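This report concerns only the one structure given below.
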Amino acid sequence: MKPIALAIHGGAGTLRKGTMTLEKEKEYKDALKLALEQGYAVLENNGSAVTAVETAVKILEDSPLFNAGKGSVFTAEGTHEMDAAIMEGNTLNAGAVSLITGIKNPVSLARDVMEKSEHVFLAGEGAMRFANDQGYLLENEDYFRDELRYNQWQQIRGSDNFQLDHSVKKDSKFGTVGAVACDSSGDIAAATSTGGMTNKKWGRVGDSPMIGAGNYANNKTCAVSCTGSGEFFIRGVVAYDVSCLMEYKGLTLEEATEEVIQRRVLSIGGDGGLVAIDAQGNIAMPFNTEGMYRAKIDTSGITEIAIYK
Ligand code: ASP
């Protein structure tokens with residue numbers, strides 16, 4: 001039996017101590033704790049890393065606190081368009097969906113793309129037809145609606161601005177979600193899910209569903225789930241860059257993630273963070289913002305749940 005470990009995030013951004021009430025802070029930590037525990041329970045029962053990350057991400061999607069599934073941000077049209085990806089490190093199998101609507105758990109649809117189609121990435125109407133073929137029921141718009149997200153949208157509605165829900169207002173909620181896990185067979189996996197950016201239009205897709213940008217897993221190196229300004233994470237091919245630094249340059253997980261988040265992404269103007277794990281169960285959770293909702297259970301079984309720097 002190999003050592004098991006799990007790390008999750010709920011988005012990175014301008015999260016400063018004192019800008020959130022203690023009750024709110026507790027709500028976030030409780031939601032992270034629940035996702036962490038349920039994901040970890042899968043690993044404890046010898047479940048696979050891919051099931052562990054899907055389980056953890058589903059719980060975060062079901063929470064209105066995060067910008068994924070329920071609680072996703074509003075598009076310029078006042079709708080919710082969600083993106084998600086999942087990847088297995090032992091086979092390099094991957095599945096992703098983007099621009100989907102009405103699906104309660106986009107991460108599960110991404111997993112179905114990986115396991116039940118010949119494809120890796122399905123988008124928009126086609127992804128919705130695939131969901132229909134797989135028997136998914138649709139939630140109506142009200143299910144995804146969150147008052148705070150609505151107000152965030154009202155402030156820039158009608159403008160050409162689009163905005164990371166991570167930034168600006170001190171009471172804003174943050175929240176693309178993701179998970180990485182290492183299971184008892186030594187396999188690793190990563191999953192990421194998001195509502196994207198407030199007021200996005202033109203079918204804008206961020207890094208989260210793009211294999212290698214916001215999500216990646218390879219047993220030889222690491223599993224990575226990112227959060228932050230998606231355009232920069234796409235240009236930096238961030239998740240794969242971490243993997244490459246480990247594979248080709250021999251960097252450790254810690255060194256590779258630091259190099260990418262604290263130097264490479266920053267140097268092109270990107271802000272955000274990531275959670276990463278390797279096949280020995282080492283975990284890294286770097287970010288270059290004020291904070292990142294994050295939690296982990298390491299190979300010694302020690303739990304850490306944190307928000308600020
Ligand atoms: N990276 C996501 C995107 O650009 C947003 C986020 O991390 O909150 O769609």
Side-chain angles (χ1 to χ4, degrees), residues 8-15 28 32 57 60-61 63-76 79-85 96-101 106-107 110 121 123-124 144 146 148-149 152-153 161-169 172-180 190-216 224-242 260-261 265-266 268-276 285-294 307:
I8 62 174
H9 71 79
T14 15
L15 294 159
Y28 276 102
L32 289 168
V57 166
L60 297 170
E61 286 176 339
S63 165
L65 294 171
F66 304 101
N67 172 20
K70 188 178 179 68
S72 286
V73 297
F74 284 81
T75 66
T79 58
H80 301 92
E81 284 174 355
M82 298 169 288
D83 307 328
V97 289
S98 72
L99 303 171
I100 59 166
T101 53
V107 70
F121 200 161
F144 299 95
D146 175 78
L148 206 137
R149 303 265 185 245
Q152 286 176 340
W153 175 50
N161 298 338
F162 64 102
Q163 163 177 311
L164 201 63
D165 74 321
H166 297 194
S167 316
V168 207
K169 260 134 278 82
S172 47
K173 292 200 264 180
F174 307 91
T176 288
V177 306
V180 292
T192 308
S193 180
T194 188
M197 284 173 138
T198 300
N199 211 39
K200 65 182 182 178
K201 57 184 175 184
W202 302 320
R204 182 265 180 191
V205 178
D207 59 314
S208 310
M210 292 187 194
I211 301 304
N215 199 79
Y216 187 71
V224 181
S225 170
C226 301
T227 171
S229 44
E231 279 66 10
F232 297 92
F233 279 67
I234 295 171
R235 289 165 51 201
V237 204
V238 166
Y240 188 59
D241 200 21
V242 172
V260 170
I261 291 299
V265 185
L266 261 187
I268 56 170
D271 60 345
L274 56 80
V275 293
M285 306 195 290
F287 50 95
N288 61 32
T289 46
E290 305 275 344
M292 178 168 81
Y293 295 110
R294 61 197 186 281
I307 300 177

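Keep in mind it's a predicted model, so treat the numbers as computed, not measured. Remember, it's 1-based here, ligands and their atoms both numbered in the order they're listed.
- Nearest approach of P106 to I100, heavy atoms of both residues: CB-CD1, 3.7 Å.
- Near D207, with a cut-off below 4.0 Å to any heavy atom, the atoms of ligand 1 are 1 (N), 2 (C), 3 (C), 4 (O).
- Near T227, meaning under 4.0 Å from any of its heavy atoms, are these atoms of ligand 1: 6 (C), 7 (O), 8 (O).
- Taking any N or O of G228, backbone or side chain, at least one lies under 3.5 Å from an N or O belonging to ligand 1.
- With sequence neighbours left out, the salt bridge (charged side-chain N to carboxylate O under 4.0 Å, His left out) criterion links E290 to R16.
- Checked by distance only, ligand 1 and R204 come closer than 3.5 Å through their nitrogen or oxygen atoms.
- Annotation: G230 places an N or O atom under 3.5 Å from an N or O atom of ligand 1; distance criterion only.
- When every heavy atom of L32 is checked against every heavy atom of I8, the shortest pair comes out as O-CD1, 3.3 Å.
- Remark: aromatic rings of Y293 and H9 are distant, center separation not under 6.0 Å.
- For ligand 1, the polar-atom distance check against E231 finds no nitrogen or oxygen pair separated by under 3.5 Å.
- Among residue pairs with one or both ends in residues 226-237, those qualifying as salt bridge (Lys or Arg N to Asp or Glu O under 4.0 Å) are R204-E231; sequence neighbours excluded.
- Taking a cut-off of under 4.0 Å to the non-hydrogen atoms of S208, the atoms of ligand 1 that pass are 1 (N), 2 (C).
- Here the side chain of K70 pairs no donor or acceptor atom with the backbone of D146 at under 3.5 angstrom.
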